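Below is one structure, written out as structure tokens; the observations come after it.
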Amino acid sequence: MRQGWEHDHGARLRTRAALGLRERIAGTDADRRADQIWGEVGERWFGPDDAIWQVHADTSMFSGGLRALLLQSLHPSAMAGVAEHSGYKGDPWGRLQRTSHYIAITTYGTVRHAEATIGAIRHLHGRVVGTAPDGRPYAANDPHLLRWVHAAEAESFLATHQAFGARPLTREQLDEYVAQTAQVSSRLGVDLAALPQTYDELMQTIESYRAELVTTPAATEAARFLLLTPPIDRVARLGYWTLAAGAISTLPPWSRRMLGLSVLPDQMTGGLDRAVGRPLGRAATATTRWLMSDPAVANESRSRAALAAGQRPEAKSPTGQVHPSGATPSQGAGAGSDNPP
């Protein structure tokens with residue numbers, strides 16, 4: 001009897017934690033947003049066999065999103081746009097929810113909804129202009145800046161997925177993911193030919209921006225806010241910090257030095273990563289995966305219901321390739337990351 005009570009109590013605690021986490025990521029209207037993504041029949045750009053679907057479905061996106069923010073902040077123009085226009089301190093969860101919705105709708109939603117979301121973001125970007133502290137003008141719709149944001153985001157999602165994901169990608173899938181994310185980002189205003197199409201090209205793109213990266217006060221302040229004073233209650237901070245430790249362990253050594261996150265030689269830092277950072281990241285990601293597979297929040301039930309009703313839409317990628325759609329990822333898609341400021 002007692003064993004059954006403890007099981008029910010544990011299940012209730014898990015459900016409560018899963019619902020709370022989902023509300024943080026997707027907002028109080030998470031059910032409505034899920035219905036918009038999964039409930040509408042229509043063409044989709046991607047399907048369950050695509051690499052982008054697999055990566056964005058995994059809870060490694062939590063660490064990936066944090067890592068992307070840290071890496072992106074090193075570009076002074078990108079950081080200026082975030083600091084002056086995004087309100088990431090005043091409304092960090094609202095910003096996360098908007099980013100989460102963007103990633104989910106462009107990965108899993110219908111083409112109609114994906115294009116409408118991208119159109120709204122492009123309209124918003126038109127108003128994000130200003131002058132960075134170094135005196136250089138910036139604009140969120142600048143293709144060069146968008147290219148940096150895209151590359152830092154894609155490389156971060158892949159780094160944490162390969163380190164903590166349930167099913168790391170093969171080399172062919174890495175290239176596929178890079179090409180598929182480029183198809184989406186090109187619709188934000190970057191020439192597709194200017195975006196990396198393979199994993200090697202993605203890494204080369206990151207390297208090509210290094211001369212432009214600077215440790216600004218704004219970047220340091222953002223890192224301090226994200227890592228030391230995150231806007232979450234004390235009970236949840238331990239879990240958050242384990243995710244953050246995993247994220248930091250996957251950052252390039254040069255970026256960690258720039259952000260003041262590493263004072264040890266690279267060899268010693270690598271040893272600490274293997275002994276502490278990576279295991280913490282794997283444990284935190286696995287725990288989050290278990291939480292978000294709770295039936296109360298998992299999207300699989302919506303997908304199965306749609307399939308049972310005969311609502312199996314076809315999905316078409318931006319390149320015109322058609323995919324069967326209907327299966328749905330485990331909850332966690334779009335959990336982190338950041339679309340352009």
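What you are looking at is a predicted structure, and each value in this text was computed from that prediction instead of being measured.
T242 places a side-chain N or O within donor-acceptor distance of the main-chain N or O of G239, the cut-off being under 3.5 Å. A donor-acceptor pair is defined here as one N or O able to donate and one able to accept, closer than 3.5 Å; such a pair exists between the side chain of S186 and the backbone of Q183.
L243 and L280 end up in different hydrophobic clusters when Ile, Leu, Val, Met, Phe, Trp and Tyr side chains are linked at under 4.5 Å. When hydrophobic clusters are built by joining Ile, Leu, Val, Met, Phe, Trp and Tyr residues whose side-chain heavy atoms come closer than 4.5 Å, directly or via intermediates, W241 is grouped together with L227.
Contact of the D58 side chain with the Q54 side chain is not registered, since no non-hydrogen atoms from C-beta on lie closer than 4.5 Å. Proximity of M61 to T160: side-chain heavy atoms (C-beta onward) are nowhere separated by under 4.5 Å. Here the side chains of F164 and T288 are not in contact, with every heavy-atom distance at 4.5 Å or above. Between I52 and W45 there is no side-chain heavy-atom pair separated by less than 4.5 Å. Side-chain contact check for D191 versus P143: every heavy-atom pair is 4.5 Å or farther apart.
Using a 30° and 60° split on the angle between ring planes, H144 and H75 fall in the perpendicular class, above 60°.
Residue pairs meeting the salt bridge (Lys or Arg N to Asp or Glu O under 4.0 Å) criterion with at least one partner in residues 135-148, sequence neighbours excluded, are D134-R136.
Checked against side-chain contact (heavy atoms from CB on, under 4.5 Å), V129 has the following partners two or more places apart in sequence or in another chain: A139.
For the residue pair H113 and Y108, no side-chain donor N or O sits within less than 3.5 Å of a side-chain acceptor on the partner.
Ionic pairing of E207 and R210 is present here: one or more N-O contacts between side-chain nitrogen and carboxylate oxygen are shorter than 4.0 angstrom.
Summarising the local packing, CG of L238 is surrounded by 12 or fewer heavy atoms from other residues, nucleotides or ligands at distances under 6.0 Å.
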